[in-house]
Structure formats: C-alpha cells, structure tokens
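Reviewing the structure listed below.
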2 protein chains.
Amino acid sequence: MISIKEVAKAAGVSTSTVSRVINNSPSISQSTKDKVWAVIKKLNYSPNNIAKALITNKSYTIALLIDVDDDKSFQNPFFYEVIHGIEKSCQEKEFSLMVANVNTKMKKQDIISWLVKSKRAEGIVLPVSILTRELVKELKDMGIPFVAVGEVDSIQDNVSWVDIDNKKGTEKAVYYLYEQGLKDIAFIGYDSTKDFSKRRVEGFKSAIEKIGISNNDSWIISCNNSKEQGYKEMMKLIDSGKMPQAVICGNDSLSVGVIKAIQDKDLKIPEDISVISFDSRQIASLMYPEVTTVDVDVFEMGYQSAKMLFDLIENNNLTDQGLLISTKIIKRNTTK
Amino acid sequence: MISIKEVAKAAGVSTSTVSRVINNSPSISQSTKDKVWAVIKKLNYSPNNIAKALITNKSYTIALLIDVDDDKSFQNPFFYEVIHGIEKSCQEKEFSLMVANVNTKMKKQDIISWLVKSKRAEGIVLPVSILTRELVKELKDMGIPFVAVGEVDSIQDNVSWVDIDNKKGTEKAVYYLYEQGLKDIAFIGYDSTKDFSKRRVEGFKSAIEKIGISNNDSWIISCNNSKEQGYKEMMKLIDSGKMPQAVICGNDSLSVGVIKAIQDKDLKIPEDISVISFDSRQIASLMYPEVTTVDVDVFEMGYQSAKMLFDLIENNNLTDQGLLISTKIIKRNTTK
DNA sequence: AATTGTAATGCAAACGTTTGCACTGAAAAA
DNA sequence: TTTTTCAGTGCAAACGTTTGCATTACAATT
C-alpha cells in the first residue's frame, strides 16, 4: 500500500509538504499544491487514517451501542432507522461509525472501556434504556462525550439526549380528532413502566384539558403492547356501554388488536370509531384498513443525536441538552 | 491516557516485556507475567489498538455496507438482524464493526476505497444487491476479502456468499402442506426481477415434481410484494373457479392481501384454504389469524457471513464458497 | 575450569503520519 | 549595498505499539 513517502519522492518534495497539501495548509504555494495533488491522483494515494489517528490522538470514529435485549421500547425497524440517521451524520463529518451490541449479561462498562481506550472512539451514542446512573458517572469520569437516544430523566445529572416528542404527539392526535368533531376519546395502552408511554399519556391529559373536554379517567386504559391485550381492552371498553368516538393507541402492535375488536363487534372504522396509532409506518400501512398514525421520524432522531455528539466532541465544555423531534399525523383510513 | 511505557516503568521492566505479557508470549517467565499483570490491573491500562494497528498493519476491523435504497429485497427488520449477527461474530473475534450506508447516487468504489485504504478495514460484508461485476473485479484487485449477503450468480467469478436457502424453504412448505393432505397448491408472488423470488419458485416446482402432484403452471402467479397486488391476484384466483387448497406466498406484505381476499370471499382459513408465507416473524404474528411461515434465520445469516469473512482474512488463499442457511416451518394459525 | 546452551529480557528500529522549529532565498526596507 | 522580513519548505521528533536481534546470567555439558 502506497504511503506519503512515496508520494513525496515522486513529487520531489518532503513528506511534511505532502501532509500539508492534504490538510490544505495555507502555507503551501498553489503551484506546489497542484503538483502534489497531481501525484496523489496518479498514484491513487489515500492517507492512512490509523497513522493519523495515532499522532493526532483523534480516531474520527464514534460508537453506537445497541441494546439487543430491549426489543420492547426499541423495536427492530425503529432502531434500524436510527442507525441510518447516525451514519448519515457521520458521513457528513467524515467520521466512521462502529456498532456494538450489548445485552444485560454483558458489563457495559467493559464494552465502553474497550471502545474508548482501545478503539479510541471519540464519542458514544447509546439507547437510554441501558443508561444507569452508575454508567453516566463512569462516562463523565472518563470524559467521553455521549448522547442518549431517548429522553433522560431530568433528575439525572446533565446528559444530552434526543427523543421523539411523544407528549406533543398525543396532543396532536387529540387535536386532530377534535377537529373532526370527536370529543369522546380514549387512550389505550398506558404502560407505567415505560417513560415514553408516560409522556404519551401526559400529552393526552394536557390536550384534553386545554380543549376542555370532560376527562374521564377510566378512558386512559393501561395495558402492554400486544395485540391480545389491545383486543381484550377494546372489547371491555365497547361492552362497558359508554363507547368512545375515537381511540388513540399508545403503541403499534396494540392497535392491531384494537382494530380487530372493533371489527368483531361489527362496528365501522372510522364511521363508528376512529383510531389513531403511534409510529410503525410499516405495520400501519399493512393493515386493513390502513391506520392513521402519529408518525415519528426516527431517522431524524438518529441524525440529530449524532450531530449533537459531534458538537459535544468539538466543543467539550458545551452544556448538555435535550432535543425533541416533532411528530406529524399521517392520515390513512382509520380516521375521517 | 496511560500507555505501555508507564506500565513498564511501574513494573520495572521494558516496554517490550509488557507488550509480550499482553500478547501472552511464551518467552516471558510466569513471575514476570504476574508482576506485570498486577500493574496493568492497578493502573487500569488498556492497550491502544490504533498504535497496534499501525505497527501490525491489522486494524481488527471489518466494514458492513448497507444499501439504503434497496428497501425491497433487504427490508428493515431483516437487515437489522443481519447486523446483530455480524456484530456477534465480531465480538467473538474481538474485531470491531464499522457500518457505512451506500445508495445508488454514491460511488461505491469511493466508499470502499475509503474504508479499506484510510480506515484500514480488513474485510467487507456487503449486500449482493450492490455487487456489480465491476465492483467484484475492483475488490479482487485490491485484494480485500469480502463476502456477500445473498446468493451470487454462479456466472460471477468466485465470490463468497451466504444466503437463506430459499429453494428448500418453498420445498419444505410444499411438503408440509402435502402432509396435511393438500395437493392443489398455488404459489403467489413470483417476481422475476428478484433472484430470491426465482429460487423460491424453483423450490416450488421441484417439490411439486418430486411429490408428483400435477403441476398447473397458471398456479405460479407473478406479482410484486404489496398487499394490494396480493389481494387482487388472490381474488382473481378464487374467481377463476378452480380454487387451490393452499397458497404459498412468496413474500410477506403480499400475504396480508392474500389473507384479506380469502376472508372477503367468506372462506375460512385454514379450513377452506391454507396459507404459508415467507419470513417476517413480526408481521406474521401480528396478523389475524397469525400466519404460518417459512422462517428464515437472518441473524444466523449475518453471523455466518462474518465468520466466513474471518476465514477469508486469516487464510487469504481460501477458495470462495456459498453457504445456504436452512429454514424451518413455523406453524401458526393459517394451516391445519 | 572452560565451553556451550538456553531461558528471559532489553534495545532500538519501525509503522505512516503531523507539526514545531529551523532554514532558505528572494523581495522589501533601510 | 546591507539588513530585515516573510512566504515556502524541510528536518526530525513524536504518537504507542511490536519484534528481530543482541545481551545477560545461569545451568548443563565437556
């Protein structure tokens, strides 16, 4: 593999000069630059980033941790898009992206330590799901910049994060339904163990309150994200007699069961009941009928998290911050 | 960050000795090893892989190319699992994994050249979808080991690949149905532009032939992978009068439409018609009824492709080969 | 006692860059 | 003409490892 020395020799200059040409140093004359570039092209030379990394102490690499257990809050297609977003951001910065799986059995600290000390990652993107208090401390102690994908409790010491604006998402859904003249709205799928779920419910409550429709607490229905639960709870709701005009599903798999229940009761969607679900473009458009969703831009979330990380890397004393990616309603066929 | 020199000084030995201890050289006495390890632990030292990479000319890194356009053959959840598999394999080898998006607008050669020459990737995993003849030549010329995810035409000069055993997958489906006493089987969703689709059809034909059931060519139905197409073709098939006892769907989205059509015709699944679809665990178990599938182990495919790559890296004159990952039928509720 | 063999360790060069400093030569200022 | 300035370039050290070779010290063999 051809090195800077051979370029230098072929161009009749020193290696320093070649280096400065590559890094576009202003102290090199235009004529020399032209001459050296010609040789670089001719020899098809690319600088060895490993050597560069060694001397500059910068690897031009960030790492992404993936929690492979957590298939509940970070579902597959979801996180796949996150990766794309991060990678896009990396390409813009000419950084490279290393990915590393972690699971509950592995000591995260060891993986991170390996990535940072041995592989010299300059920063880390990680899902909030693996971010314990202890890990935050460790990362801070190492002085390694990091940003979380998913909102981090404000109780936590300053950490940077990017998340979907879940609260506003539900608000938008409520407003949207309200504009269609629907006031009796149920929220189904509150899971108090999931932060994003809490936020979706928050948004539901706040929208209901702002609009001033009577809030019936029994219309916030707890259940986890499975089609079976959705089916069961929707059945109960219909059977209860006081049926809502619309239901917002706090999660995607859930909505499959909800819709099935409505159909099994011989009710029409959206004529009798409207349905709005969250995210999951893929599933939403595969259903019959295709379901109106609060669309979450997961790619953007990845993109912005990496961007935030680069800010942190370049300007190390930056104050940490949170960023919410806004959602939008995608109208399909479960609403009027 | 603490270096080998500081360890050496603290342990009262030379850096060479520390290096040999780390690499477990047999020429170091046990007592010295113990002494040095104690210091390493105490100082919490990790070797700098960048320096190591420079001197050994090995980066202990492979790269994965992801085709971000190709959301047809490599769908999201699908490729996400591939990444996991590859990463698992990397962790076992203490390699790290770099990922890079490519799309049709980008010159793949440039990306690869950057990964190999600048980033010093030791090998590359890439989706067969981006593997042109020209690219193969270029990779061979660079002498960079690579393996394709997806079967590569045998016309191509030796290239290593790993793929799902699509042909046997359909065969298994046919046998499975035949064991239930079903003989009139249709294959729906043949897409002649997709290699994996061709192979699935091949398997269909060969199984039919082996079993000796009369093969009706009109029961191999071409259409692309959308629920609308599936619906339309299934409707046509039912209306045609000579209805099959079972249908095998060549792709997942398709099956959604197929099932809907059957239901809309007031036929019962699986009593009147059985349905088997390919892959896509997620969707299959979200449907009503949950659909029996030919399950493809995509994680394993990733895992094996990386393993194959490591073989190539370690033993450079290895002959290229193809590997088929076997499928299995997962019985759900669309078959008896 | 002298020689040989060997296990254990150290020395120093090398990997391919970057960069502070020194140097050169020519133009500008004296 | 002599001195100063400065743009442009080169020298050489440095980054943190690995590794061929030399060296040491001591045991084994003569």
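Chain letters run A, B, ... following the sequence lines, proteins first, then strands; residues in each count from 1.
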(request) Please confirm whether the backbone N or O of A:Ile28 pairs with a side-chain atom of A:Thr32, one donor and one acceptor, at under 3.5 Å? (result) no
(message) For D:dC15, does the base pair up with any side-chain atom of B:Ser3 as donor and acceptor (N or O, under 3.5 Å, distance only)?
(response) no
(message) Can you measure B:Arg120 atom CZ to C:dT17 atom P for me and round it to whole angstrom units?
(response) 7 Å
(request) Let me know the distance between CD1 of B:Ile50 and C1' of D:dA14, rounded to the nearest Å. (result) 16 Å
(request) Take atom CD of B:Gln30 and atom C1' of C:dT9, then tell me their distance rounded to the nearest Å. (result) 16 Å
(request) For B:Asp34 and C:dT9, give me the distance from atom CG to atom C1', rounded to whole Å. (result) 16 Å
(request) Would you tell me if any nitrogen or oxygen in the side chain of A:Asn48 comes within less than 4.0 Å of OP1 or OP2 on C:dC15? (result) no
(request) Report yes if a donor N or O on one partner sits less than 3.5 Å from an acceptor N or O on the other, where the partners are the side chain of A:Thr56 and the base of D:dC15; otherwise report no. (result) no
(request) Taking only the side-chain heavy atoms of B:Ser14 (C-beta and beyond), determine which of C:dG10, D:dC11, C:dT9 contains the nearest atom. (result) C:dG10
(message) So which atom in A:Asp297 and which in A:Ile325 form the shortest heavy-atom distance, rounded to 0.1 Å?
(response) O-CG2, 4.1 Å
(request) In plain terms, say whether A:Glu300 and A:Lys88 are close enough for a salt bridge, that is, a side-chain N and a carboxylate O under 4.0 Å apart. (result) no
(request) Identify whether any heavy atom of A:Asn57 sits under 4.0 Å from a base atom; if not, whether one sits that close to sugar-phosphate; answer base, sugar-phosphate or nothing. (result) nothing
(request) Can you see which heavy atom on B:Asp67 is nearest to which on B:Ile130, and at what distance? (result) OD2-CG2, 3.3 Å
(message) Reading DNA chain C from 5' onward, which residue's closest nucleotide shows up sooner: A:Lys52 or B:Gly12?
(response) B:Gly12
(message) Is B:Tyr45 close enough to D:dT17 that one of its side-chain N or O atoms is under 4.0 Å from OP1 or OP2 there?
(response) yes
(request) Output yes when A:Lys307 and A:Asp311 qualify as a salt bridge under the 4.0 Å nitrogen-oxygen rule, no when they do not. (result) no
(message) At 4.0 Å (heavy atoms only), tell me whether A:Leu54 reaches a base, stays on the sugar-phosphate, or touches nothing.
(response) base
(request) Name the residue closer to the 5' end of DNA chain C, choosing between B:Ser16 and B:Ile55 according to the nucleotide with the nearest heavy atom. (result) B:Ser16
(request) Specify the separation, in whole Å, of atom NZ of B:Lys9 and atom C1' of D:dT17. (result) 17 Å
(request) Would you mind reading off the distance between B:Asn23 atom CG and D:dG16 atom P, rounded to a whole angstrom? (result) 17 Å
(request) State whether B:Ser29 places a side-chain N or O below 4.0 Å from either non-bridging phosphate oxygen (OP1 or OP2) of C:dT9. (result) yes
(request) Please report, rounded to the nearest Å, how far the C1' atom of C:dA7 is from the CD1 atom of B:Ile28. (result) 10 Å
(request) Could you tell me whether A:Arg133 and A:Glu138 have a side-chain N and a carboxylate O separated by less than 4.0 Å? (result) no
(message) Less than 4.0 angstrom between a side-chain N/O of A:Thr32 and OP1 or OP2 of D:dT9, yes or no?
(response) yes
(request) Take the protein atom NZ of B:Lys58 and the nucleotide atom P of D:dT17, then report the distance between them rounded to whole Å. (result) 18 Å
(message) Can you say whether a donor on the side chain of B:Arg20 sits under 3.5 Å from an acceptor on the base of C:dG10, or the other way round?
(response) yes
(request) Output yes when at least one side-chain N/O atom of B:Asn49 is less than 4.0 Å from OP1 or OP2 of D:dT17, else no. (result) no
(message) Quick check: any donor-acceptor pair below 3.5 Å linking the side-chain of B:Ser19 to the base of D:dT17?
(response) no
(message) Taking 4.0 Å as the cut-off, does a side-chain nitrogen or oxygen of A:Thr17 come that near to OP1 or OP2 on D:dG10?
(response) yes
